[in-house]
Amino acid sequence: MCGIVGYTGPRQAASLLIEGLRRLEYRGYDSAGIAVVNGRGLEVMKAAGKLSALEQQLAGKLPQGTVGIGHTRWATHGAPTTPNAHPHTDQSGDIAVIHNGIIENAGAIRKMLEARGHTFTSETDTEVLVHLVGELYDGSLEEAVAAALRDVDGAYGLAFISEREPGVIVAARKGSPLLVGVGEDEYFIASDASPLLEHTRSVVYLDDGEMAILTPDGYRIRNLETTQIDKPVNQIEWDLATIERGGYSHFMLKEICEQRESVTNTLRGHLLEEEGTSRVTGLNLSDEQLKRIERIVITACGTSWHAGLIGEYMLEEMARIPVEVEYASEFRYRNPVVDERTLVIAISQSGETADTLAAVREAKLRGARTIGLVNVVGSTIAREVDGGIYLHAGPEVGVASTKAFTSQVAALALVSLRIARLRNLSILQGRDFIQHLQALPDKIQQILNRSDEIEQLAERFVRASNALYLGRGVNFPVALEGALKLKEISYIHAEGYPAAEMKHGPIALIDEMMPVVFIAPKDAVYQKILSNMEEVKARGGKVIALVNECDAQVDRLADACIEIPETHELLSPMLTIIPLQLFSYYVAVRRGCNVDQPRNLAKSVTVE
Ligand code: M6R
């Protein structure tokens with residue numbers, strides 16, 4: 001989604017802004033721009049397309065000035081054109097704004113301003129907002145912004161500068177993340193920490209309804225009225241190396257290859273081997289409270305939703321507690337049946353997904369206890385839930401989620417183990433589960449060590465137009481996730497199904513052009529899934545089998561076979577997904593796709 005960066009201090013702003021925008025590229029965008037205040041006024045440069053288009057326009061002649069704002073835009077209202085790109089300026093051209101989010105009553109405000117003689121050059125809601133600030137300006141940018149925001153409905157993370165008040169940035173947040181970077185005699189504003197890490201690790205997270213006023217001499221936080229607010233300065237743990245590619249050709253490949261470590265980090269400190277259970281104090285729930293839970297609802301979007309489905313299998317199987325998994329976008333509008341005896345688990349890599357955040361708020365309103373399985377420390381969901389587990393997977397930059405998925409499943413395993421041990425899982429079963437969990441990182445590495453094999457396999461399927469992914473039980477969500485990975489980065493149409501569902505429709509698609517990926521570890525339904533392979537083979541489909549052992553039986557049925565180490569049945573998704581991530585990656589690279597920033601996709605979806 002859109003990215004925001006702003007700077008005020010002693011250094012030249014423009015190059016810092018361009019660098020910052022580069023760090024924000026991973027969020028997904030289709031135009032970019034900067035505005036800088038200097039002795040000659042306000043200079044705005046913007047361009048449709050990638051950041052390189054803006055850099056070409058600047059052609060090495062960066063505008064001078066020590067305060068500025070920069071933006072990458074992911075189009076919502078209005079096409080991704082240069083006029084629609086941010087920053088936008090007010091009627092006088094003296095005030096500029098960058099904005100993430102949507103101003104819902106922009107239409108009415110626009111009409112009112114047009115009646116007062118304002119003219120607009122873009123189709124955006126953002127331009128309306130800056131014109132309103134210009135209209136209300138009476139000697140103080142801060143007060144004009146506060147007054148304008150009291151009149152607007154909608155969501156925003158935004159930053160204003162003005163040539164009338166050089167050195168000042170006025171930022172505000174409602175529904176779209178924003179943080180202040182506190183440097184030495186310099187201050188930053190950004191939509192996430194990545195553009196700041198090179199300069200400072202000290203940040204202040206803004207909450208909804210708060211404004212930040214930055215000058216080269218310091219910063220203040222206040223609300224839209226006049227109340228000043230004291231906020232703690234947090235230290236970001238991630239360092240610069242974690243958000244750089246470090247020798248890998250893509251972030252996605254780096255992140256796939258980091259999974260031995262990321263899963264180890266998720267599990268670290270949570271396993272109590274002797275007691276055969278997990279320590280998850282962050283849930284902020286006593287044993288008594290956990291025992292009283294009658295129902296669990298898991299809510300999330302995309303890949304995180306797939307992890308949630310795996311959680312459903314784990315929790316129901318191990319703890320014998322009913323679980324429902326809801327798309328957050330549906331949950332929030334569906335009058336869901338949740339109350340104080342329901343535990344709502346929100347899963348999110350970014351911790352900023354608008355629908356998941358809204359689902360958490362809805363669940364809290366209805367009295368449910370909420371916990372978050374979140375990767376980004378300090379993110380909005382992490383701060384709003386009643387408790388939770390940080391994934392500690394490290395920053396995920398590639399738009400396609402990979403290492404966050406395995407860490408989400410690992411975190412769900414920790415929660416399931418804790419609840420199950422309080423109910424009906426024996427200490428011996430608990431210890432056995434822990435042993436399997438502890439062995440996973442090495443097994444993940446064993447698969448990663450064979451990535452050449454998967455690269456060769458990808459070569460054979462690079463020209464496919466469609467693909468089918470089939471799995472059963474806890475590996476049905478892996479089929480969904482494998483298909484999602486392939487479609488989002490290679491643009492090959494792919495679908496995931498429970499294998500036995502094939503006969504109820506998808507079988508009609510099978511011919512010699514259709515690769516069918518079977519996720520078939522040796523579990524209770526292994527023989528049944530082999531029968532499904534027979535059915536595909538009989539219709540000429542190309543079978544790719546993910547199995548524990550490529551024995552003679554599989555060999556006869558499969559055109560290609562990938563071996564996966566054995567593990568506990570419920571933990572197998574953390575292994576079966578690895579070759580599917582690699583397969584999608586290599587197919588997409590061979591097809592010349594932009595793996596880290598696939599078309600139309602954003603890393604963190606902060607609008608509905
Ligand atoms: O940050 P979140 O986990 O809340 O994001 C949810 C989805 O937007 C995300 O998983 C999306 O589906 C990814 N593109 C998947 O690779």
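All residue numbers in this chain count up from 1 along the given sequence. Ligands are counted one by one from 1 in listed order, and the atoms in each one are counted from 1 as well. Computed from a prediction, not measured in an experiment: that's the story for all the values here.
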Test [X] against every option in [options] by the side chain to side chain donor-acceptor pair (under 3.5 Å) rule and name the one that passes.
{"X": "Ser407", "options": "Thr264, Asn265, Thr266", "result": "Thr266"}
{"X": "Lys403", "options": "Gln408, Glu255, Glu396, Glu258", "result": "Glu258"}
{"X": "Arg173", "options": "Thr380, Asn100, Asp207", "result": "Thr380"}

Short list, please: which atoms of ligand 1 are under 4.0 Å from a heavy atom of [X]?
{"X": "Glu488", "value": "13 (C), 14 (N), 15 (C), 16 (O)"}
{"X": "Lys485", "value": "15 (C), 16 (O)"}
{"X": "Ser350", "value": "1 (O), 2 (P), 4 (O)"}
{"X": "Thr303", "value": "10 (O), 12 (O), 15 (C), 16 (O)"}
{"X": "Val399", "value": "13 (C), 14 (N), 16 (O)"}
{"X": "Ala400", "value": "16 (O)"}

Does the side chain of Asn375 come under 3.5 Å of the side chain of His392 through a donor N or O and an acceptor N or O?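 Per modelled atom types, Asn375 and His392 side chains form no pair under 3.5 Å.
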Heteroatom distance test (Ser304, ligand 1): nitrogen or oxygen, under 3.5 angstrom: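 Yes, since at least one N or O of Ser304 sits under 3.5 Å from an N or O of ligand 1.
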Can you sort out the partners of Tyr327 under ring-ring contact (aromatic ring centres under 6.0 Å, His included), two or more places apart, ordered by chain and number?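 So Tyr327 forms a ring-ring contact (aromatic ring centres under 6.0 Å, His included) with Trp305.
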Does Arg599 count as lying over the ring of Tyr491, i.e. NZ or CZ under 6.0 Å from the six-ring centre, within 45 degrees of the axis?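 Yes - Arg599 lies over the ring of Tyr491, closer than 6.0 Å to its centre and within 45° of its axis.
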What protein heavy atom lies closest to atom 8 (O) of ligand 1? Include the residue and the distance to one decimal.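 Protein heavy atom at minimum distance: Val605 CG2, 4.1 Å.
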Quick one: nearest non-hydrogen protein atom to atom 7 (C) of ligand 1, plus distance?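 Nearest protein contact, heavy atoms only, for atom 7 (C) of ligand 1 is Cys301 O, 3.7 Å.
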Salt bridge (Lys or Arg N to Asp or Glu O under 4.0 Å), paired with Glu455, selected from Arg460, Arg450, Arg590: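 Answer after filtering Arg460, Arg450, Arg590: Arg590.
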Heavy-atom pairs closer than 4.0 Å: do any link ligand 1 to the side chain of Lys603, the backbone, both, or neither?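 Under 4.0 Å from ligand 1, Lys603 contributes no heavy atoms.
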Options Val374, Ile381, Thr353, Thr356, ranked by nearest heavy atom to atom 2 (P) of ligand 1, top entry: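 Shortest heavy-atom distance from atom 2 (P) of ligand 1: Thr353.
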Does the gap between the ring centers of Phe405 and His306 come in under 6.0 Å?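 Centroid distance Phe405-His306: not below 6.0 Å, so no.
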